[in-house]
**Student:** 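This structure is in structure tokens; I'll ask about it shortly.
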There are 2 protein chains.
Amino acid sequence: MTEEHHDLQSESCRGVSRVLARIGDKWSVLIVMMLADGPRRFNEMKRMIDGISQRMLTLTLRGLERDGLVSRTVYPTIPPRVDYELTPLGHSLREPVMALGQWAQANLDHIADAQARFDRRTAAESEPAGLRPVAY
Amino acid sequence: MTEEHHDLQSESCRGVSRVLARIGDKWSVLIVMMLADGPRRFNEMKRMIDGISQRMLTLTLRGLERDGLVSRTVYPTIPPRVDYELTPLGHSLREPVMALGQWAQANLDHIADAQARFDRRTAAESEPAGLRPVAY
DNA sequence: CTGTATCCTTAGAGATACTG
DNA sequence: CAGTATCTCTAAGGATACAG
């Protein structure tokens, strides 16, 4: 960069967008966080996450594996056993993600308030004729 | 928390998921970053972002406004002028987001490599019969 | 200039059944 | 147990036209 001009399309902004496209989906962060303190098996994760479908667990894990955030180890036993574990890269991602989590924690109420105020404001706009409630 | 047990469904993890659902979409982070150094007008942003549709710019800005991250100021002139600006809350979000951005910057190559290796590995699996390339 | 409204096409995601 | 294969539904997002 030769100037103060922040080019939104290149460099770091592209990077954030790409990472967000990866971990911004419905399950990735949950999975990364779950693997924080050690390897887990497939069905173990499926039970822990509550609401995730087998399909989405597979797809999400494949995606994370492809990006090098998670490693997959197959034990050729019967019945088969597969362990998923965070790679060093995956672990390193936890820091910025947890920073975001703490921001979320700290501001959840603030955001809820803002939403409530916004909704009241916009509701008021669609009913600008005095303060009376609509009486059918 | 009374124990070492990390409940994935409650507390901070819920928070991260909700924030990610908000800023994890295609445009929000880009917009927050663009507003970093001051207010911008609607069309100004539309030109800067490249590829965003008028519809999505409106929707994304409404979402950010609803959550209290962005403020919207209308100047009732002709032609109309509307300024969007980060609220203090919006500014505070920039820190964890930029942390994520720096992680992305630092690991883009690493990730690209992992993807390439993964793709080669999986391509190899679907063609396990020797090393010869498929010759039509 | 700053939006809405509408239509349309995909990508995300759940449910279910089946396989090694 | 750990997946894959389909089918289906919905929501996200783009294109375009119109309005204040």
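Only a predicted model underlies this, so the values are computations on that prediction, with no experimental measurement involved. Letters go in sequence order (proteins before strands), and every chain restarts at 1. In what follows, every heavy atom counts, from backbone to side chain, and hydrogens, waters and symmetry copies are set aside.
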**Student:** Atom CG in A/Leu100, atom CD in B/Glu95: separation rounded to 0.5 Å?
**Tutor:**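 If I round to the nearest 0.5 Å, the distance is 12.0 Å.
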
**Student:** Send over the distance from B/Asn43 CG to C/dT2 P, rounded to a whole Å.
**Tutor:**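 Rounded to whole Å, this separation is 5 Å.
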
**Student:** Are any of A/Arg62's side-chain N or O atoms less than 4.0 Å away from OP1 or OP2 of D/dG3?
**Tutor:**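 So the side-chain polar atoms of A/Arg62 do come within 4.0 Å of the phosphate oxygens OP1 or OP2 of D/dG3, strictly under.
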
**Student:** Please state whether the phosphate of D/dA15, meaning OP1 or OP2, lies under 4.0 angstrom from any side-chain nitrogen or oxygen of B/Arg55.
**Tutor:**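 Indeed not, no polar side-chain atom of B/Arg55 lies that close.
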
**Student:** Both A/Thr58 and A/Pro79 contact DNA chain D. Taking the nearest nucleotide for each, which residue is further toward the 5' end?
**Tutor:**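 First, find each residue's nearest nucleotide; the 5'-ward one identifies A/Pro79.
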
**Student:** So do A/His91 and A/Thr87 actually touch side chain to side chain, heavy atoms under 4.5 Å?
**Tutor:**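 Of all side-chain heavy-atom pairs linking A/His91 with A/Thr87, none is under 4.5 Å.
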
**Student:** In whole angstroms, how far is the C1' atom of D/dA15 from the CD1 atom of B/Ile52?
**Tutor:**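 My rounded result for the distance is 14 Å.
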
**Student:** Rounded to whole angstrom units, what separation is found between the CD1 atom of B/Ile49 and the P atom of D/dG13?
**Tutor:**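 Taking atom P of D/dG13 as the reference, CD1 of B/Ile49 is at 13 Å.
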
**Student:** Send over the distance from A/Gln54 CD to C/dC18 P, rounded to a whole Å.
**Tutor:**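 Nearest whole value for this atom pair: 14 Å.
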
**Student:** Find the distance A/Asp83:CG to D/dG3:C1' and express it as a whole number of Å.
**Tutor:**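 These atoms are roughly 15 Å apart.
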
**Student:** Checking B/Arg40 against B/Tyr84: charged group under 6.0 Å from the ring centre and within 45 degrees of the axis?
**Tutor:**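 Relative to the ring axis of B/Tyr84, which defines the angle, B/Arg40 lies outside at least one limit.
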
**Student:** Can you tell me how far C1' of D/dC1 sits from CD1 of A/Ile78, to the nearest Å?
**Tutor:**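 Taking atom C1' of D/dC1 as the reference, CD1 of A/Ile78 is at 11 Å.
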
**Student:** Pick the nucleotide of DNA chain C nearest each of A/Leu59 and B/Val82; which residue has the one closer to the 5' end?
**Tutor:**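 Per heavy-atom nearest nucleotide, the more 5' residue is B/Val82.
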
**Student:** Kindly say if A/Arg72 contacts the phosphate of D/dA2, meaning a side-chain N or O under 4.0 Å from OP1 or OP2.
**Tutor:**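 Answer no for this pair, as no side-chain N or O of A/Arg72 is under 4.0 Å from OP1 or OP2.
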
**Student:** What nucleotide among C/dG14, D/dT4, C/dC1 has an atom nearest to a side-chain atom of A/Met56?
**Tutor:**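 Of all the options, the side chain of A/Met56 is nearest to C/dG14.
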
**Student:** Taking 4.0 Å as the cut-off, does a side-chain nitrogen or oxygen of B/Lys46 come that near to OP1 or OP2 on C/dC1?
**Tutor:**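 Checking C/dC1 against B/Lys46, no side-chain N or O comes under 4.0 Å of OP1 or OP2.
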
**Student:** Calculate the interatomic distance between B/Glu65 atom CD and C/dT2 atom P; express it in whole Å.
**Tutor:**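 Those two atoms, CD and P, are 15 Å apart.
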
**Student:** Only pairs under 3.5 Å count here: list side-chain donor-acceptor contacts from residues 26-35 of chain A, not counting sequence neighbours, and write none if there are none.
**Tutor:**
{"residue": "A/Ser28", "atom": "OG", "partner": "A/Arg22", "partner atom": "O", "Å": "3.4"}
{"residue": "A/Ser28", "atom": "OG", "partner": "A/Asp25", "partner atom": "OD1", "Å": "3.1"}
{"residue": "A/Ser28", "atom": "OG", "partner": "A/Asp25", "partner atom": "OD2", "Å": "2.7"}

**Student:** If you count heavy atoms of other groups shown closer than 6.0 angstrom to CE of B/Met45, is the number above 12?
**Tutor:**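 Atom CE in B/Met45 is crowded, with more than 12 foreign heavy atoms closer than 6.0 Å.
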
**Student:** Ignoring the backbone of A/Arg47, work out which of D/dC1, D/dG13, C/dG3 is nearest its side chain.
**Tutor:**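 Closest nucleotide to the A/Arg47 side chain: D/dC1.
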
**Student:** What is the distance, rounded to the nearest whole Å, between atom NZ of A/Lys26 and atom P of D/dA11?
**Tutor:**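 The distance from NZ of A/Lys26 to P of D/dA11 comes to 11 Å, rounded to the nearest Å.
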
**Student:** Any base atoms under 4.0 Å from A/Tyr75, or only sugar-phosphate, or nothing? Heavy atoms, all strands.
**Tutor:**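 The answer is nothing, as A/Tyr75 stays clear of every strand by at least 4.0 Å.
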
**Student:** Less than 4.0 angstrom between a side-chain N/O of B/Arg41 and OP1 or OP2 of C/dT2, yes or no?
**Tutor:**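 For C/dT2, OP1/OP2 do have a side-chain N/O of B/Arg41 under 4.0 Å.
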
**Student:** Among C/dA13, D/dA2, D/dG14, which nucleotide sits nearest the side chain of A/Arg81?
**Tutor:**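 Per side-chain heavy atoms of A/Arg81, the pick is D/dA2.
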
**Student:** Looking at B/Tyr84, I'd like to know whether one of its side-chain N or O atoms comes within less than 4.0 Å of OP1 or OP2 on C/dG3.
**Tutor:**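 B/Tyr84 to C/dG3 OP1/OP2: side-chain N or O found under 4.0 Å.
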
